[in-house]
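Just so it is clear, the model here is predicted, and its values are computed rather than measured. Note: hydrogens, waters and symmetry copies are ignored here, and every other heavy atom, side chains too, is used.
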Amino acid sequence: MESGFFVTDDGDPVVNVVFRATMPAHAQPVTASATEVEDVLWLTAAQAEGDPDCPPWTSRSLRRAAAQSGMPE
């Protein structure tokens, strides 16, 4: 798991938490709170890092989470 805190250009505080896990094939992503979460994406680390919209801090967090978990990327 990798986490960090930053403030957006608009001054909004953000807690960014990234974790990696092996999930069952039948698992589906769910938005627990539609008022707090706009969207949920279900991506492999490679898919996330290959997405041109993936922010650089998310790529760094994914690599750090992978290194801490000992899981292959």
A.B. asks: State the CG-OG1 distance between D53 and T58, to the nearest 0.5 angstrom.
C.D. replies: 11.0 Å

A.B. asks: Checking T44 now: which residues fulfil side-chain hydrogen bond (donor to acceptor under 3.5 Å, both in side chains) with it, not counting sequence neighbours?
C.D. replies: Q47

A.B. asks: So does D12 get a backbone contact from the side chain of D10, meaning a donor-acceptor N/O pair under 3.5 Å?
C.D. replies: no

A.B. asks: Could you pull out the closest heavy-atom pair between V14 and T8, with the gap in Å?
C.D. replies: CG2-CG2, 3.6 Å

A.B. asks: Can you tell me how far apart CD (E38) and OG1 (T31) are? Round to the nearest 0.5 Å.
C.D. replies: 9.5 Å

A.B. asks: Of all the heavy-atom pairs spanning V40 and V30, show the shortest one and how long it is.
C.D. replies: CG2-O, 3.8 Å

A.B. asks: List for me each residue that meets side-chain hydrogen bond (donor to acceptor under 3.5 Å, both in side chains) alongside S33, sequence neighbours excluded, and say none if there are none.
C.D. replies: T35

A.B. asks: Identify the heavy atoms of C54 and A48 that sit nearest to each other, and give their distance.
C.D. replies: CB-O, 3.0 Å

